Amino acid sequence: MPELPEVEVTRRCLTPVLVGRTIASVKTTAPSYVFVTAPLGLRKGLMGRRVLRIDRLGKYLLLRLDDEKTFVIHLGMTGQLFSSSVTSPRLLSSTARATLPPEDQTRFEPDSHTHVILGFEDSGSDIYFRDVRKFGKLFLLPKGGIHARLERLGIDALKVTGPHLYKASRKRKVAIKALLLDQAVVSGIGNIYADEALFLAGVRPGRGSSRLTRAESERLSEAVLSVLHRSIETGGSSISDYVAPNGQDGAYQDERHVYARKGEPCKVCGAVIVRRVVAQRSAHYCPTCQS
DNA sequence: TCTGTCTCCTGAGAGC
DNA sequence: TGCTCTCAGGAGACAG
């Protein structure tokens, strides 16, 4: 599930292979949940455009085009953005992964989940957007336009501070984890990094936001920065479907302390990691290290 | 205004 | 073996 680190890694990988190229063809699937801008409008808007640069806003990728429009991509839960030349078992079903030998897990062929295929004037590799569960979002921003989805985003998670978290938590009655997941407060944090940051800060996910002290807010902001930077360094987390545009898996999943480790021993104290539901999301924590 | 719930979607895995 | 059910989760819509 792509969160800020995975989106940032995707941005860094895509920049050298996409910037400066002119889109010569756009293929899409039929209208569906992923197309905020209808497929026809997307095809018309992208055709013939050159990509000037790629920015990131929270979990959104922003492809800046030469006509001053912006192609906005959100990877949702299972979104994958990659070059047509890559090979990765993560682009296959689990059955194919389990049954096919590695040498037969050859180059990916677009399937029904491949919602956009960008071809280029230079005849180099195509770029695919694939999303099995269709929780991703694709839309085109007109010149100077601001979409409500982007406008409501809070401070980027890589810029979060203790005072910001402390101030935001004063007027809220929700659990601290729900606050971290609220993109209007901090943009870019999802379930994995919320759990990991709360572990490093020693705060339980279900704790009421308003009970966070200044010192804990400071520790939490430092923990958020620490886990996000470390995840970017290691290429993100490839727990389920995430794969970088170059076909590489991330490695941060090997460094997790709590997320999806229910029943396993805490790496610090040995206590059993607990799972409970907070804000309708699974939350994992160590009952000894976090209070 | 804030909070909680429902909804969208589909593959994986558990249970029978 | 095959069917059914549950779960996973980002974020918008909606109700209270």
Side-chain angles (χ1 to χ4, degrees), chain A residues 1-8 10 29-37 56-61 72-81 88-100 108 111-116 129-139 146-154 156-157 167-196 205-211 228 236-243 253 256 258-263 275-284:
Chain A
M1 55 205 82
E3 302 180 25
L4 186 150
E6 291 74 33
V7 178
E8 178 60 20
T10 297
T29 49
S32 70
Y33 202 60
V34 298
F35 292 105
V36 178
T37 297
R56 181 189 56 75
L57 206 55
K59 301 178 194 174
Y60 290 87
L61 277 175
V72 184
I73 302 171
H74 191 297
L75 298 175
M77 257 193 73
T78 52
Q80 297 167 319
L81 204 51
S88 169
R90 291 191 188 279
L91 301 173
L92 304 171
S93 70
S94 65
T95 307
R97 276 184 228 169
T99 55
L100 291 174
F108 171 77
D111 56 7
S112 61
H113 305 302
T114 311
H115 301 292
V116 174
F129 172 77
R130 183 170 183 262
D131 186 1
V132 171
R133 292 188 195 171
K134 299 181 181 174
F135 277 15
K137 291 285 174 285
L138 303 170
F139 57 98
I146 298 176
H147 197 281
R149 290 172 189 264
L150 305 180
E151 207 170 22
R152 68 170 69 102
L153 293 177
D156 191 88
K167 186 180 175 188
S169 65
R170 291 311 88 185
K171 47 194 173 184
R172 300 290 294 271
K173 293 177 181 175
V174 295
I176 184 61
K177 175 158 179 176
L179 191 81
L180 285 180
L181 292 176
D182 186 344
Q183 302 300 299
V185 175
V186 183
S187 61
I189 300 176
N191 216 25
I192 299 173
Y193 299 106
D195 277 1
E196 293 299 313
R207 171 111 69 93
S209 301
S210 58
R211 289 182 51 219
L228 295 182
S237 298
S238 291
I239 293 174
S240 53
D241 304 271
Y242 173 71
V243 61
Q253 66 275 10
R256 281 172 298 140
V258 287
Y259 180 77
R261 293 193 64 240
K262 176 189 171 188
R275 174 191 176 275
R276 63 169 284 204
V277 175
V278 175
Q280 292 189 294
R281 296 282 178 270
S282 57
H284 309 79

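The chains referred to below are lettered A, B, ... by the order of the sequence lines, with proteins before strands, and numbering in each begins at 1. What you are looking at is a predicted structure, and each value in this text was computed from that prediction instead of being measured.
Between the side chain of A/Asn191 and the backbone N or O of A/Ser282 there is at least one donor-acceptor pair closer than 3.5 Å. A/Glu196 places no side-chain N or O within donor-acceptor distance of the main-chain N or O of A/Arg256, the cut-off being under 3.5 Å.
A close approach under 4.0 Å does not occur between any side-chain nitrogen or oxygen of A/Arg172 and OP1 or OP2 of B/dG4. Distances shown here put every side-chain N or O of A/His113 at or beyond 4.0 Å from the OP1 or OP2 atom of B/dC9. At C/dG9, one or more side-chain N or O atoms of A/Ser282 fall inside 4.0 Å of OP1 or OP2 (strictly under the cut-off). Under 4.0 angstrom from either OP1 or OP2 of C/dG12 there lies at least one side-chain N or O belonging to A/Arg152. Within the 4.0 Å cut-off from OP1 or OP2 of B/dT10, at least one side-chain nitrogen or oxygen of A/Lys134 is found.
Nearest nucleotide to the A/Val132 side chain, out of C/dG10, B/dT3, B/dG11: B/dG11.
Between the CD1 atom of A/Ile189 and the P atom of C/dA11 there is a distance of 12 Å, rounded to whole Å. Here C/dA11 presents its C1' atom at 10 Å from CG of A/Asp182, a figure rounded to the nearest Å. Protein atom CG of A/Asp111 is 12 Å distant from nucleotide atom P of B/dT10, rounded to whole Å. A/Lys137 has its NZ atom 10 Å from the P atom of B/dC9, to the nearest Å. One atom, NZ of A/Lys262, and another, C1' of B/dA14, lie 13 Å apart when rounded to the nearest Å. The nearest whole Å value for the distance from the CD1 atom in A/Ile192 to the P atom in C/dG10 is 8 Å. One atom, CD of A/Gln280, and another, P of B/dC8, lie 15 Å apart when rounded to the nearest Å. The separation between A/Leu179 atom CG and B/dT3 atom P is 9 Å, rounded to whole Å.
Here A/Gln183 lies in heavy-atom contact (under 4.0 Å) with sugar-phosphate atoms only. A/Lys59 comes within 4.0 angstrom of the backbone, heavy atoms only, and of no base.
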Report task. Begin from the C-alpha positions of A/Glu3 and A/Leu228 and carry the test side-chain contact (heavy atoms from CB on, under 4.5 Å) through to its verdict. Result -> CA-CA 9 Å; A/Glu3 302 180 25; A/Leu228 295 182; 5.8 Å; no
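Contact of A/Tyr33 with B/dC8 (side chain to base): a donor-acceptor pair of N or O atoms is detected under 3.5 Å. Remark: the A/Arg149 side chain and the C/dG12 base include no donor-acceptor N/O pair separated by less than 3.5 Å.
A/Phe35 and A/Ala30 make their closest contact through CE1-O, 3.5 Å (heavy atoms, listed as atom of the first residue, atom of the second, distance). Of all heavy-atom pairs between A/Thr29 and A/Thr114, the closest is CG2-O, 3.4 Å.
Nearer to the 5' terminus of DNA chain B, by closest-nucleotide assignment, is the contact made by A/Lys173 (compared with the other of A/Lys173 and A/Arg281).
Here A/Phe135 counts as stacked on C/dG10: its ring centre is under 5.5 angstrom from the base ring centre and the planes meet at under 30°.
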